[in-house]
Amino acid sequence: MSNIFFLRPPRRKATLEQLSIKYFSISAPKEKISSSRDWYLRHSKDEFVKKSKTDNYRARSAYKLLELQDKYRIIAPGYNVVECGAAPGAWTQVISQILGVKGRLVACDLLSFEPVEDAVILPNTDFTLPNNQLKILSHFENEKIHAVLSDMAPNITGNKSLDQDASLILVYSVLKFALQHTAKDGSLLVKLFNSPNTNRFLNDLKKFYRKVNIVKPASSRKESSEIYVLATNFAKA
Ligand SMILES: C[S@@+](CC[C@H](N)C(=O)[O-])C[C@H]1O[C@@H](n2cnc3c(N)ncnc32)[C@H](O)[C@@H]1O
């Protein structure tokens, strides 16, 4: 039977569910509905979501960076910092609070997001494009960067290996940028979807940074395959 037959409009009014089954032979996405409901329930009970509301952070992700900062002192007042994948701006809030008026923070995202005090924000900006990286650098007046942070995540397709590859492309574009513009002893913090390629990335980092570690903050959801890699003591490119 041809596809055209299946795509013919229904003679009688039908519910969306019936339509999907009859005309496209696809069952209604019950799993998706229940998993987004589960996500919502989990999200609304999540202690970090509640805390972010009282602490005035734009997202629970603020606590991932706060925890890592507490343990590893990645940022210090006076630093030049580049942040990739910043929307809605929770990390930007944290970084800007640490830097105060002394440091310089440039934060970009593909999406638009609200301004953050003492930060230069570049919304609607794809970090991977060379012109956008030049725009970021123009705010540092030829000074080197002390810390490059990326919480970028690709749009999830649901295909694990495609998503892992897309995440890897993002982290390599951050690494390439960092290698050219990081100050001696500077740091790199990137989010990555854990995959069989993680070790390759870690080995590449070890060529340029003296300390390289996988870090998974407590506030990163256990079921998530995201990991953070912290590379410090940049030696040379
Ligand atoms: C998990 S969110 C970041 C959350 C942020 N750290 C915070 O605390 O509010 C990941 C972000 O990466 C951004 N992103 C993905 N690819 C990007 C790209 N090529 N350039 C810039 N941002 C990108 C997405 O738009 C998304 O907003």
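Counting starts at 1 for both ligands and their atoms, in listed order.
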> Any idea which protein heavy atom is nearest atom 2 (S) of ligand 1, and the distance to it?
Replying inline: Ala87 O, 3.8 Å

> Which ligand 1 atoms are under 4.0 Å away from a heavy-atom of Ala86?
Replying inline: 5 (C), 7 (C), 9 (O)

> Who's closest to atom 24 (C) of ligand 1 heavy-atom-wise, of Val174, Asp109, Leu110, Asn155?
Replying inline: Asp109

>> Within a 6.0 Å radius of atom NZ on Lys176, are there more than 12 heavy atoms belonging to other residues, nucleotides or ligands?
In response: no

>> Closer than 4.0 angstrom, basic N to acidic O: yes or no for Glu67 and Lys216?
In response: no

>> So that I know where these two stand, are Phe234 and Phe208 an aromatic pair - ring centroids less than 6.0 Å apart?
In response: no

>> Closer than 3.5 angstrom, by distance alone: can the side chain of Glu226 be matched with the main-chain N or O of Ser220 as a donor-acceptor pair?
In response: no

>> Just to be sure I'm reading this right: ignoring hydrogens, which of Gln93, Glu226, Met152, Lys191 gets closest to atom 14 (N) of ligand 1? Compare them by their nearest heavy atoms.
In response: Met152

>> Would Gly89 count as a polar contact of ligand 1, with the cut-off being nitrogen or oxygen pairs under 3.5 Å?
In response: yes

> Near Asp151, which atoms of ligand 1 are under 4.0 Å from a heavy atom of that residue?
Replying inline: 1 (C), 3 (C), 4 (C), 5 (C), 6 (N), 10 (C)

> Taking only heavy atoms of Ser61, which atoms of ligand 1 are found under 4.0 Å from at least one of them?
Replying inline: 7 (C), 8 (O), 9 (O)

> Which residue from Ala90, Ser112, Ser167 reaches closest to atom 9 (O) of ligand 1 through any of its heavy atoms?
Replying inline: Ala90

> Hey, is CG on Asn155 packed in by over 12 heavy atoms from elsewhere, all under 6.0 Å?
Replying inline: no

>> Just to confirm my output: which protein heavy-atom neighbour is closest to atom 20 (N) of ligand 1, and how far is it?
In response: Phe127 N, 2.9 Å

> Can you list every salt bridge (charged side-chain N to carboxylate O under 4.0 Å, His left out) pair that touches residues 201-213, not counting sequence neighbours?
Replying inline: Asp185-Arg210, Asp204-Lys207

>> Ignoring hydrogens and geometry beyond distance, is a side-chain donor-acceptor pair present between Thr125 and Asn132 at under 3.5 Å?
In response: no

> Quick check: does Ala62 get an N/O under 3.5 Å from an N/O on ligand 1?
Replying inline: no

> Against heavy atoms of Thr125, which atoms of ligand 1 measure under 4.0 Å?
Replying inline: 20 (N), 21 (C)

> Is Pro154 touching ligand 1 with its side chain, its backbone, both, or neither, if touching means heavy atoms under 4.0 Å apart?
Replying inline: neither

> Salt-bridged, Glu47 to Lys51, with N to O below 4.0 Å?
Replying inline: no

> Counting from 1, what ligand 1 atoms have a heavy atom of Leu111 closer than 4.0 Å?
Replying inline: 25 (O), 27 (O)

> Please state which protein non-hydrogen atom is closest to atom 15 (C) of ligand 1 and give its distance, to 0.1 Å?
Replying inline: Ala153 O, 3.1 Å

> For Glu114, what residues pass the side chain to side chain donor-acceptor pair (under 3.5 Å) criterion, not counting sequence neighbours?
Replying inline: none

>> With a heavy-atom distance limit of 4.0 Å, tell me whether Leu170 approaches ligand 1 through its side chain, its backbone, both, or neither.
In response: side chain

> Which ligand 1 atoms does Asp126 reach within 4.0 Å, using its non-hydrogen atoms?
Replying inline: 18 (C), 19 (N), 20 (N)

> Hey, what's the ring geometry for Phe48 with Tyr63, parallel, tilted or perpendicular (30° and 60° as the breaks)?
Replying inline: tilted

